[in-house]
Peer 1: 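Take a look at the following structure, please.
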Amino acid sequence: MMHRALQIPEILQLIFSHLAHDELATLLRTSGFFFFPAASQLWASVDTEALMCLVNLFLATEEVKNPTAVRLPSFPPHLQKKMHPELTQQQTSKRNFSIASRWRRFQMFAPLIQTLDLDLTNGCDEEGLSEELNDDYAHLSLTQMATLTRTSALLPGLRSLHYTTLEAEHLNNVLLFLAPSLEELYVKTFHYDDEYWGNAEADWALPVGCLLEALPRQCPRLRRLALAAHMPRGSIHLSTVLNLVTKLAFLEYFECDFIGLHPALLGALARRSGLQELRVGYYNVDILGEQVAYQIVCHPSFPALRSLHLAANQLIAPVFLKLIPPQLHTLQLDVAAEPFTDDSLAHLSSAIHAGQPHLRALSLTCRDFDYGRDASVSFDLFAPLLQIKSLTQFELKFLSSTPLDLADAHVAAIGGAWPALEVLNLQWHDRLSTGSGGLADESALTLGALAALATRCRRLQRAELTALNIHLVPPPPPIAPSRATVELRLTHGRVHVQPELLAAFLYTLWPRIQMTGTFISLPHVPSPADVSDVPPPGGTEQDRDREKWITIRGMIASMRCQQIMEARKGAPPESVRESFEPKYRDHLLSPGSL
């Protein structure tokens, strides 16, 4: 007899949410009572491969046992289980399904899908295997399904759709999934140069236009809309986008990269009372003559906006920020110039501080396309940002050929200004890989910057730096080690000290440190066929640095495991340190010797 608790749908849903796909497939075959709740959990979120498996349930003409037991040998076993709960290896009688019977089988599972990630840049071939850029099979399959869904959506319960494609003709497949229940739509396409792909702009114009026309009619409850079409910026779809923005009454998030900062579109968006997130612009668009139009069409502006991602040049960005009320929580700026001047950077920083003093997360990307400037840019130009006291996440990407003057004192100032900082990301061009940019003085940024963060930012969760050039290990600061798990991510790190010294220092700062990044990841092990083409390990300076960092990460993990084992025994902290190996213990117990 079944326990009464299992007869409560909410409890079943909670239990099934912790089960793997294989376990859910087993429950489907266990009891008819578990069929619907387990199938709903199993099919709630699918990808391209799983969708093609479901579509093949209708299109395939395989000989099968009976209408309730289907075997599709062309698909992997784990997808066969997900496709049908009663797959079997025996076939006692053979006959073909009728179209009506196959369609009923398809409709058994289609309404259960709520989230779909459809990537036609990496589809399934006719053998059910993934093949890069083989999207014809998926496209043709969906085209055949369209003959049965001319008046209704293919997946009537769909709420979120992520769609990626390389071909303009494949964009029409999105129309199959436009259901009244759809709340989130993210469409990402790629536009190629005419030199290689013919009249690409004309090919994309019609499918994009049809999609924009259909959205307000077929998806009236759409809340989040992202159109990353990578098309040339222009106004060919301006009126359609304006109509779309006006009719979507529940719109909360909007992204469109092919209209640009058009005043009419900004005016329509500014009047949306429920719009909370906005992503617009392109960093090399020059529309200085329309500054006055902005101020006319955008007043009053964006009453509910909380997150803004703006890409513009250095003159447009400060003007645009003046139109937004001081209410943003998240601001992402992608600013470009040819070149940046000290005055423009200082003016931009002041505009951010004056216009949005209550920010919680700030991301600033500076793209400088000038290659002739010799002088460096000082981090002091961004000093006005330090007056925003509520920041918990800060990201600065200085993608310029001009060197950046960044030192330990600047990182210490960041820690002093934002004691509640949780995420810090400082990026610049690595001179070793790009041949330009970098830091004005690489020796000015040392482990002292990490010590300052550990001392002043006790809530820090992630610190990301482009590079560290370590020639000296300073004494650890006289503070209690942080109990938080801190992720340290480096793009490159040059180590000129003993690994155990650096491991002991980092462990003293953050005992739960996790070192990540492609540079610190384990090296790729080549297959026997290409061993002769791979240089020997440690053959370059970068390889030797990588090996040192991997060793350091292993040393920190060893100390952490030792601490956990001793703590479980009830040992005091002093004896825990004494249990370490001498090469670690000497440095941890005698900071002055570092």
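All residue numbers refer to positions in the sequence shown, counting from 1. All figures in this text were calculated on a predicted structure; none of them were measured in a lab.
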Peer 1: Is Arg223 close enough and on-axis enough to Phe250, meaning under 6.0 Å and within 45°, for cation-pi?
Peer 2: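 No, Arg223 does not lie over the aromatic ring of Phe250.
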
Peer 1: Kindly indicate, with the supporting measurements, whether the criterion side chain to side chain donor-acceptor pair (under 3.5 Å) is fulfilled by Ser363 and Gln332.
Peer 2: CA-CA 5 Å; Ser363 175; Gln332 300 180 34; 5.0 Å; no

Peer 1: Can you see which heavy atom on Ser390 is nearest to which on His358, and at what distance?
Peer 2: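 Looking at all heavy atoms of both residues, the shortest contact is OG-C, 3.3 Å.
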
Peer 1: Can you tell me how far the CG atom of Leu396 sits from the CG atom of Leu404, to the nearest 0.5 Å?
Peer 2: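 Answer for the CG-CG pair, Leu396 versus Leu404, is 7.0 Å.
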
Peer 1: In terms of the angle between their ring planes, are Tyr186 and Tyr253 parallel, tilted or perpendicular, with boundaries placed at 30° and 60°?
Peer 2: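 Taking Tyr253 first and then Tyr186, their aromatic rings sit tilted (interplane angle of 30° to 60°).
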
Peer 1: Report the distance from atom CG of Leu269 to atom OG of Ser301, rounding to the nearest 0.5 Å.
Peer 2: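 Atom-to-atom, Leu269:CG and Ser301:OG are 11.5 Å apart.
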
Peer 1: Determine whether Leu399 and His429 make a side-chain contact, defined as any pair of heavy atoms from C-beta on separated by less than 4.5 Å.
Peer 2: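 The answer is yes, as the side chains (C-beta and beyond) meet within the 4.5 Å cut-off.
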
Peer 1: Got a sec: does the CZ of Arg458 have more than 12 other heavy atoms crowding it under 6.0 Å?
Peer 2: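 Correct, the count exceeds 12.
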
Peer 1: Where the side chain of Gln356 meets the backbone of Leu328, is there a donor-acceptor pair that is under 3.5 Å apart?
Peer 2: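 Pair found, side chain donor or acceptor close to backbone of Leu328.
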
Peer 1: Is Glu422 salt-bridged to Arg462, cutoff N-O under 4.0 Å?
Peer 2: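 Answer for the salt bridge query: no.
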
Peer 1: Anything under 30° is parallel, anything over 60° is perpendicular, the rest tilted; go ahead and classify Phe379 against Phe394.
Peer 2: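 Rings of Phe379 and Phe394: perpendicular, as their planes differ by over 60°.
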
Peer 1: Out of curiosity, Asp380 CG to Leu345 CG, how far, rounded to the nearest 0.5 Å?
Peer 2: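 CG of Leu345 is found 12.0 Å from CG of Asp380.
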
Peer 1: Ignoring hydrogens and angles, tell me if any N or O in the side chain of Thr392 forms a donor-acceptor pair with the backbone of Ala420 under 3.5 Å.
Peer 2: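 Not confirmed, Thr392 side chain does not pair with Ala420 backbone.
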
Peer 1: Do you know which of Glu183, Glu255, Glu277, Glu252 makes salt bridge (Lys or Arg N to Asp or Glu O under 4.0 Å) with Arg224?
Peer 2: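 Answer after filtering Glu183, Glu255, Glu277, Glu252: Glu277.
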
Peer 1: Do the side chain of Ser349 and the main chain of Pro384 share a donor and acceptor less than 3.5 angstrom apart?
Peer 2: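 No.
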
Peer 1: Got a donor-acceptor contact below 3.5 angstrom from the Gln327 side chain to the Phe302 backbone?
Peer 2: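 Yes; judged by distance alone, with no hydrogens or angles, the pair exists.
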
Peer 1: In Å and rounded to the nearest 0.5 Å, what is the CG to CG distance from Leu212 to Leu227?
Peer 2: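 Rounded to the nearest 0.5 Å, the CG-CG separation comes to 6.0 Å.
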
Peer 1: Kindly say whether Thr246 contributes a backbone atom to a donor-acceptor pair with the side chain of Arg272 at under 3.5 angstrom?
Peer 2: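 Yes.
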
Peer 1: Can you tell me how far the OG1 atom of Thr115 sits from the CG atom of Asp47, to the nearest 0.5 Å?
Peer 2: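 Result: 12.0 Å between the selected atoms.
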
Peer 1: Would you compute the distance between atom CD of Gln393 and atom OG1 of Thr330 and round it to the nearest 0.5 angstrom?
Peer 2: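 Between Gln393 CD and Thr330 OG1, I get 7.0 Å after rounding to 0.5 Å.
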
Peer 1: I'd like to check Val208 versus Thr189 (side-chain heavy atoms, cut-off strictly below 4.5 Å). Are they in contact?
Peer 2: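 Side chain of Val208 against side chain of Thr189, heavy atoms only: no contact under 4.5 Å found.
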
Peer 1: Between Thr491 and Ala467 (side chain of the first, backbone of the second, donor and acceptor by atom type, cut-off under 3.5 Å), is there such a pair?
Peer 2: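 Checked: no pair found.
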
